[in-house]
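Just below is one structure, and these are the notes that go with it.
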Number of protein chains: 2
Amino acid sequence: MVKPSAPSRERIVAGAADMISRRGLNATSIRELAKHAKAPLGSTYHYFPEGKGQLAAEAVRYAGGAVARILRKELEAGPVAGLRAFLALWRGIVVESDFRAGCPVLAVSVEEPAAGEVPPALAAAAEAFEDWERLLAEALREHGADPERAPGLAALIVASVEGAIAMCRAKRSMRPLDQVAQQLEALIAGALDRAA
Amino acid sequence: MVKPSAPSRERIVAGAADMISRRGLNATSIRELAKHAKAPLGSTYHYFPEGKGQLAAEAVRYAGGAVARILRKELEAGPVAGLRAFLALWRGIVVESDFRAGCPVLAVSVEEPAAGEVPPALAAAAEAFEDWERLLAEALREHGADPERAPGLAALIVASVEGAIAMCRAKRSMRPLDQVAQQLEALIAGALDRAA
DNA sequence: GCCCGAATATAACGACTGTCATAGCCCATC
DNA sequence: GATGGGCTATGACAGTCGTTATATTCGGGC
């Protein structure tokens with residue numbers, strides 16, 4: 001089979017994404033990871049023979065893809081609706097974990113790559129960010145935003161939401177995300193009005 | 001003396017801040033830290049008897065204070081000047097480290113606190129964010145921004161810059177920070193125009 | 001000169017890390 | 001019912017972790 005035994009494998013990847021979003025990449029051990037996913041340690045090396053780097057990269061791709069899927073769907077109802085879904089998604093993760101979990105893509109981005117190399121997980125993080133930005137920029141353009149400004153606006157949205165998530169965790173308060181949400185909504189509404 | 005032997009101690013704290021900004025908190029070992037600061041391992045426990053947590057907290061306070069000092073000074077010339085200095089500061093750190101270093105305050109914010117406890121380093125990170133926001137909000141108000149909107153604007157600035165730094169590291173490109181800089185400048189200019 | 005406390009050096013502690021090798025299980029196919 | 005391969009279980013490896021204890025060196029006050 002091409003996909004030998006999905007359930008266990010996917011559980012490991014999803015568990016890795018969750019764990020990385022809490023502790024960071026370097027601080028997540030494969031042993032704890034296996035235990036958290038109720039999978040044996042040996043299995044992680046069976047499914048991911050290239051080791052931790054491969055597993056981390058897949059976890060980032062998994063999380064990034066899941067977010068992109070939600071974003072794409074909700075953006076069909078317009079940029080503001082998409083933004084709200086994006087914010088609600090992260091809000092849920094932070095609140096439900098009692099400020100212990102955040103964004104795994106951000107967590108991977110904040111770790112020094114080995115000299116001269118670009119670890120696969122970091123490349124996956126860059127791709128995830130770019131996917132999100134592209135989706136947002138397209139939606140903005142399609143709804144009348146200045147096409148030249150849309151990419152910058154999309155980058156601002158992703159950056160500020162990611163930063164706000166981290167700030168919420170530090171302060172143990174949802175206030176930063178709420179503040180950012182309010183500013184971004186006003187900003188987007190203004191950018192779309194231009195063409196109304 | 002109240003301050004027994006500043007040079008060695010301060011070198012350790014500054015080195016810790018730098019190292020945390022690269023690798024993250026959990027992945028920074030005290031041994032490497034001591035080596036990096038050219039201080040003996042025993043000395044770190046001499047100066048910081050409470051161990052790693054205390055050292056990390058002091059490192060975050062050190063970095064947060066240094067940024068706040070620069071911010072306060074440059075904001076005297078107005079919010080836009082302060083924003084530019086804030087951006088230039090981080091830009092320099094990311095570029096000079098070849099995308100390997102980022103913001104130590106953000107790095108500390110992205111790590112799961114022990115169950116039920118709030119580690120001192122995380123509290124220090126929350127304080128640093130609040131200091132920066134307060135400085136920016138005050139400058140915005142003093143230069144004619146809507147007093148009710150100033151805190152939200154300040155939060156957006158800090159969050160988006162922090163997020164952009166991480167995105168730059170992932171993409172190995174300064175583009176996100178440049179995009180965010182452009183959007184924020186336009187946004188602030190608009191917010192101040194209201195009162196001109 | 002001596003001496004005391006601050007600062008450094010060295011070694012060790014148990015626990016944990018990523019990774020690998022090996023042996024055993026379980027279930028589908030012939 | 002035997003055979004095989006995907007999966008699991010177990011244990012080991014060399015190395016590092018945070019932390020502590022002990023021994024040594026150093027610099028300035030009597």
On a heavy-atom basis, which atom in Val108(A) and which in Leu122(A) lie closest, and how many Å separate them? O-CD1, 3.6 Å
Show the nearest heavy-atom pair for residues Arg169(B) and Arg22(B), with the distance to one decimal.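 Arg169(B) and Arg22(B) have their closest heavy atoms at NH2-O, 3.0 Å.
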Euclidean distance, atom [atom1] of residue [X] to atom [atom2] of [N] [Å, nearest integer]:
X: Phe48(B); N: dG18(D); atom1: CZ; atom2: P; value: 14 Å
X: His46(A); N: dG5(D); atom1: NE2; atom2: P; value: 13 Å
X: Ile12(B); N: dT8(C); atom1: CD1; atom2: C1'; value: 11 Å
X: Lys35(A); N: dA9(D); atom1: NZ; atom2: P; value: 13 Å
X: Tyr47(B); N: dT19(D); atom1: OH; atom2: P; value: 18 Å
X: Arg9(A); N: dG6(D); atom1: CZ; atom2: C1'; value: 14 Å

Can a side chain N or O of Ser43(A) be found less than 4.0 Å away from OP1 or OP2 on dC7(D)?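 No, Ser43(A) has no side-chain N/O under 4.0 Å of OP1/OP2 on dC7(D).
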Heavy atoms under 4.0 Å is the rule here; annotate nucleotides 12-26 of chain C 5' to 3' with B where the base is hit, S where only the sugar-phosphate is, and - elsewhere. B----BBB-------
Name all pairs fulfilling the salt bridge (charged side-chain N to carboxylate O under 4.0 Å, His left out) condition that reach into residues 170-192 of chain B, sequence neighbours left out, sorted by first residue then second. Glu133(A)-Lys171(B), Arg84(B)-Glu185(B), Arg91(B)-Asp178(B), Asp98(B)-Arg172(B)
Where at least one partner belongs to residues 26-35 of chain A, residue pairs that pass salt bridge (charged side-chain N to carboxylate O under 4.0 Å, His left out), sequence neighbours excluded: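 Qualifying pairs, neighbours excluded: Arg23(A)-Glu32(A).
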More than 12 heavy atoms of other residues, nucleotides or ligands under 6.0 Å from CZ of Arg69(A): yes or no? no
Electrostatic pair Arg9(A):Glu58(A) at N-O distance under 4.0 angstrom: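 Salt bridge present between Arg9(A) and Glu58(A).
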